[in-house]
Amino acid sequence: MGFLSRKQNYQQPRRKRRFSPGVLILVTIWSVGLALGLLKTLNAASLQESTETIPHLNLMASVDRVEPEYQLGLELYLNTCSTCHIPIPPQVFPTQTWQQIVQDQQHYGATLQPLEGPSLLLMWKYLQTYSRSITLKDEAIPYRFNRSRYFKALHPRVDFSESVTVNHCVSCHPGAAEFNYQQLTPEWENSP
C-alpha cells in the first residue's frame, strides 16, 4: 500500500481564543497601575537610601523644595560641586550663568574635568529649573555674586561693602556647607 491508500489524518485548526476589549483594557490599566506603584516604591527607596549616604540631602527641608524628578540632578550637583566649595543655591545666578559654569572647564581659576552625558543633563535640568533666566535685553551674564541682581534680590537687607565670595556665605548662613541657607546667624534672624 502506498501513501495514497492511507487515510489522511487532518487536524482541525484550533480556534483562537479572543478576549473581549473590556478585559484587555482592564489588564492594561492594572499593568500600568502596578508599574507606577513599583516605580513610586523604587523612587522612595532610592531617595531614602541617598539621604542616608549623602549628608547634604538630610537638610532638604531647609532649602527650597525640590521636585522628585530633579532630586538626582540635585544630588549630582551637590556631589560634584561641594567637594571643592560650599554648594551655591541655583537661585543666586541666572540660568545663563549656570549654563556657562557647567560647560566651561575653566572654573574660577581651576581646571575641571567636564561632566558628560546623563550626569551633565540631569544636573543641568536641576540648575535650569531652579534658576531664572535673564530677561533684560542688554543685561550682562554675571559670574560674581556682587554682579548678580538675583543674589542681591535674595539679600535685600544686606549691604555688601566688599566683594562677596563663596566663603563669605557661612558668616551669615552657618549651615551653608550642608546646603542649608534658611538658617541664619542670630544677628540676622531678627533683623528688620
Side-chain angles (χ1 to χ4, degrees), residues 35-36 38-137 139-155 163-183:
L36 289 174
L38 183 60
L39 184 61
K40 185 176 180 181
T41 302
L42 289 174
N43 282 342
S46 172
L47 183 58
Q48 176 63 33
E49 183 179 300
S50 66
T51 58
E52 292 170 357
T53 58
I54 302 171
H56 299 346
L57 293 179
N58 287 330
L59 295 172
M60 289 309 300
S62 63
V63 184
D64 291 337
R65 184 174 185 278
V66 176
E67 295 298 320
E69 61 264 28
Y70 301 107
Q71 290 286 340
L72 188 53
L74 167 61
E75 185 177 322
L76 285 165
Y77 170 70
L78 293 174
N79 285 334
T80 303
C81 300
S82 67
T83 57
C84 297
H85 57 76
I86 62 172
I88 305 302
Q91 297 84 346
V92 302
F93 282 127
T95 306
Q96 291 86 342
T97 302
W98 289 112
Q99 185 176 19
Q100 293 296 318
I101 288 173
V102 299
Q103 292 178 359
D104 194 1
Q105 289 182 325
Q106 295 303 314
H107 186 73
Y108 297 96
T111 302
L112 303 176
Q113 184 172 355
L115 284 175
E116 296 177 343
S119 295
L120 175 62
L121 183 62
L122 288 166
M123 188 165 74
W124 168 242
K125 282 298 196 184
Y126 162 70
L127 292 169
Q128 181 184 32
T129 301
Y130 291 94
S131 62
R132 295 181 189 103
S133 289
I134 293 176
T135 56
L136 301 175
K137 189 175 184 178
E139 185 173 2
I141 298 174
Y143 294 98
R144 302 283 180 208
F145 294 132
N146 60 331
R147 294 187 186 135
S148 172
R149 68 182 169 100
Y150 300 108
F151 177 78
K152 292 174 186 175
L154 290 168
H155 299 83
S163 182
V164 182
T165 67
V166 71
N167 297 325
H168 288 96
C169 298
V170 294
S171 61
C172 299
H173 302 278
E178 290 82 32
F179 207 49
N180 179 348
Y181 285 87
Q182 301 296 327
Q183 179 188 6

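Heavy-atom basis, side chains included; hydrogens, waters and symmetry copies ignored. If you're wondering where the values come from, they're calculated on a predicted model, not measured in any experiment.
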Has the side chain of T83 got a donor or acceptor atom that lies under 3.5 Å from a matching backbone atom of T80? yes
I'd like to know if the side chain of S82 reaches the main chain of P87, judged simply by a donor and an acceptor atom lying under 3.5 Å from each other, with no hydrogens or angles considered. no
Closest heavy-atom contact between F145 and T165? CE1-C, 3.7 Å
K125 side chain to G73 main-chain N or O, any donor-acceptor pair under 3.5 Å? no
Calculate, to the nearest 0.5 Å, the distance between atoms OG and CD1 belonging to S148 and I88 respectively. 11.0 Å
Measure the shortest side-chain to side-chain distance between L127 and T95 over non-hydrogen atoms and say whether it is less than 4.5 angstrom. no
Is K137 salt-bridged to E139, cutoff N-O under 4.0 Å? no
Strictly distance-based, threshold 3.5 Å: is any side-chain N or O of Y143 a donor or acceptor partner for the main-chain N or O of Q100? no
Closest non-hydrogen atoms of P142 and R147, given as atom of the first, atom of the second and distance, are CB-O, 3.4 Å
Would you please say whether a donor-acceptor pair under 3.5 Å links the side chains of H168 and S171? no
My understanding is that only one of W98, F151, Y150 makes a side-chain contact (heavy atoms from CB on, under 4.5 Å) with F93; could you say which? W98
To the nearest 0.5 Å, how far apart are CD in Q99 and CD1 in I141? 8.0 Å
Considering all heavy atoms of both residues, which atom of M123 and which atom of V102 are nearest to each other, and what is their separation? CE-CG1, 3.9 Å
Interatomic spacing from CG in N167 to NE2 in H85 - rounded to 0.5 Å: 9.5 Å
Closer than 3.5 angstrom, by distance alone: can the side chain of Q96 be matched with the main-chain N or O of I134 as a donor-acceptor pair? yes
Please report the shortest heavy-atom distance between I101 and Y108, naming the atom on each side. CD1-OH, 3.7 Å
Run the side-chain contact (heavy atoms from CB on, under 4.5 Å) test on H155 and V164 for me, step by step, so that the C-alpha distance in whole Å, both residues' side-chain angles and the decisive distance to 0.1 Å come before the verdict. CA-CA 12 Å; H155 299 83; V164 182; over 6 Å; no
Taking CD in E116 as the centre, count heavy atoms belonging to other residues, nucleotides or ligands within less than 6.0 Å. Is the count above 12? no
Ignoring hydrogens and angles, tell me if any N or O in the side chain of S131 forms a donor-acceptor pair with the backbone of P90 under 3.5 Å. no
For Y77 and L72: C-alpha separation, side-chain torsions, deciding distance, then whether side-chain contact (heavy atoms from CB on, under 4.5 Å) applies. CA-CA 8 Å; Y77 170 70; L72 188 53; over 6 Å; no
CG of L122 to CG of L74: how many Å apart, nearest 0.5 Å? 11.5 Å
Tell me if a side-chain donor or acceptor on Q71 pairs with a main-chain N or O of V66 at a distance below 3.5 Å. yes
From C169 SG over to I86 CD1, what is the distance, rounded to the nearest 0.5 angstrom? 4.0 Å
Please walk me through it: do L154 and Q91 pass side-chain contact (heavy atoms from CB on, under 4.5 Å)? CA-CA 8 Å; L154 290 168; Q91 297 84 346; 4.0 Å; yes
If you look at every heavy atom in Q183 and P174, which pair is closest and at what distance? O-CD, 3.6 Å
Using 30° and 60° as the class boundaries, would you call the ring planes of Y130 and Y126 parallel, tilted or perpendicular? tilted
